[in-house]
Structure formats: structure tokens, C-alpha cells
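Following: one structure in C-alpha cells, then a few remarks.
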Amino acid sequence: MLTTLEFAPDAAPEQIADQVRAVWRDSKVIHITGVKPDGDLRDYYWRFFEDVGVPMALAEDATIGDRDSQRTGSYWAEVRYDPAVPDAYRHSANAQPLHTDGAYTSPDSVQVEASPNAVGTGFLGCVAMPANGGATTFIDAVDVYNTMHDEAPELLEQLQATDVPHARSGDRKVAKVIEMKGGLPVVNWNYYCVDADAGNEVKSLGEQFFRFLERSPGIAANLQRVKLSPGDAVIWKDDYVLHGRDSFDPERTSARFLWKTSLLIDA
Ligand SMILES: O=C(O)CCC(=O)C(=O)O
Ligand SMILES: [Fe+2]
């Protein structure tokens, strides 16, 4: 599931694109490591994006408006430790529970045209990382499915049979939390964005899945950790894995600083 690609510090974005294309089909998470771009990391990786797909302007800003109106129309959002911004995982040092980024959005949300082969892909690029903790965590949806099959078969059946609405920032999407598509399980999940209007049964199902992910031995055993270094990036097929992060020792404001965006990759 996880592929690590090592590069020289001065590798060109086009080299990254070539290597990513070569492993794309058989990877769900790709850790790009070793590059030390001069200047703004966003400019460097933008050139990589242009070679492999189409960026999506889905960024949110936790410092403006309320949770329903935080879409900025821009491509990049900060995931940056800042104790001055309350109630936002993106600015805290807490562990972040497993989720998908696209739980309430689709390519229609930003009016980009998706080719039939395009895959919704998350991106994090690293500006700063503290010494202790702060790895981004991933689990293959196949492992989620198999673990549930063994540990919680009834919950798995219910999730496969239930439409769950997610909503935030003016976007709404109704989907199964886990569903077989083309022979592979796909996931759509963010506990904190289950629509407040969802019925009690749906909400209770969400509570059970949240607790399952937190407590299941099989989930913990299959989790993979990617700890980014400055210059590194990680991309992941958002519908095919769940991701989250470990808590970290905050050290100081901006001690952990990642640039986040999403794109459609049609490698
Ligand atoms: O901080 C991380 O490593 C993950 C952040 C994340 O998943 C998010 O902001 O959606
Ligand atoms: Fe995320």
C-alpha cells in the first residue's frame, strides 16, 4: 500500500512526476522524501501537480467565519501548530482520528472536470516537523474491511447498507461509509462532519464506527506511519485509505507545519 520514493535534494519536480507515475497503479500512499526545494514548497510541488493531474481549490481557513463557511476558494491550507487558533485539528497538537478528506466534497464542489480515470488524491507537503510524534497515519481500506469482517461483522454489514450524509462549508455528500466498488472497498468518513440532520440511527452507527476505529486491535496493527521531514510530501488515494495523525510535542508555534491540498491524479 505504501511506497517510499527517495530523491536527491535538488531533484526536479518532473523527476518526481516520472517516479510517481511508475508506481501509481500499485500504490495507495506515496511518501516523497529527500528533496530540499529552494523557496516556497508550494511552487515546487505545483509543478509536479501539473505533470500528473489537476489541483482542486478545496482549502478551508479555520480563522474565518464558522465551520459552514470556511472554504476560501484557494488551493492551499495550512496544517500548522498554533495554540492561538482554538477548536481546529489543523492547528492543534492532538492526535487526529482516522478520516477521509473528501467525506463531504466531490470534484463537482469545485467545478473541475474529472476524467474517468482521475483519482481524488490528498497531498501534504512538509515545512517543519517536531522531533517527537506527529507522524501522519494511514490504513488501507482493505485492512479496515478485513478487520471489521473478523472483529465487528454486524457493524460492517450495517455500514455497507446505510447512506450517511456528511456536510461542511456548504458542501454535502451522501455515501456509504464503506462500500465495495469494482472489487475494492472504498471509504467515505469524517466523524466530525456527519450531518447534524442525520437521524439517530445513522448517528449511532457513526458513534460505533468511531469507537471501533479507536479501539480495534486489528486497526492499530495495520496502521502505517509516515513521518515527514522538511521538503517531503505524502500523497494518498483518498477513497482507498483512511488517514489521521499522531499527537506531537508542540515545542513552539509552527513547530509542525504542513501545506495541504487535494488534486485529481490521472497519472
Ligand atoms: O496533520 C496531519 O498529518 C494530517 C492532517 C489531516 O489529515 C487534515 O488536515 O485533514
Ligand atoms: Fe485529512
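Counting convention: from 1, in listed order, for ligands and their atoms alike.
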Atoms in ligand 1 with a heavy atom of Arg90 nearer than 4.0 Å: 9 (O)
Proximal ligand 1 atoms for His243, defined as those under 4.0 Å from one of its heavy atoms: 7 (O)
His166 to Tyr104 - nearest heavy-atom pair and separation: O-CB, 3.7 Å
Interfacing atoms of ligand 1 (cut-off 4.0 Å, heavy-atom, Asp101): 10 (O)
pair Met148-Phe209: side-chain heavy atoms closer than 4.5 Å: yes
Close-contact set for ligand 1 against Val79 heavy atoms, below 4.0 Å: 1 (O), 9 (O)
Short N or O distance, Thr136 and ligand 1, threshold 3.5 Å exclusive: yes
Distance from atom 1 (O) of ligand 1 to nearest protein heavy atom, with residue and atom: Arg256 NH1, 2.8 Å
Within 45° cone and under 6.0 Å: Lys176 NZ/CZ vs Trp189 ring: no
Nearest-contact summary for atom 6 (C) of ligand 1 - protein heavy atom, Å: Gln96 OE1, 3.4 Å
Tyr44 side chain near Val35 side chain, heavy-atom distance below 4.5 Å: yes
Ring-ring centroid check Phe123 Tyr45, cutoff 6.0 Å: yes
N/O/S atom name from Asp101 that is nearest to the position of the Fe ion (ligand 2): OD1
With the Fe ion (ligand 2) as the apex, the NE2/NE2 angle for His99 and His243 - to 10°: 90°
Gap separating the OG atom of Ser74 from the CZ atom of Arg42, nearest 0.5 angstrom: 9.0 Å
Nearest-neighbour protein heavy atom for atom 9 (O) of ligand 1, which is reported as residue plus atom name and distance: Lys260 NZ, 3.3 Å
Heavy-atom closest pair, residues Ala255 and Pro250: CB-O, 3.1 Å
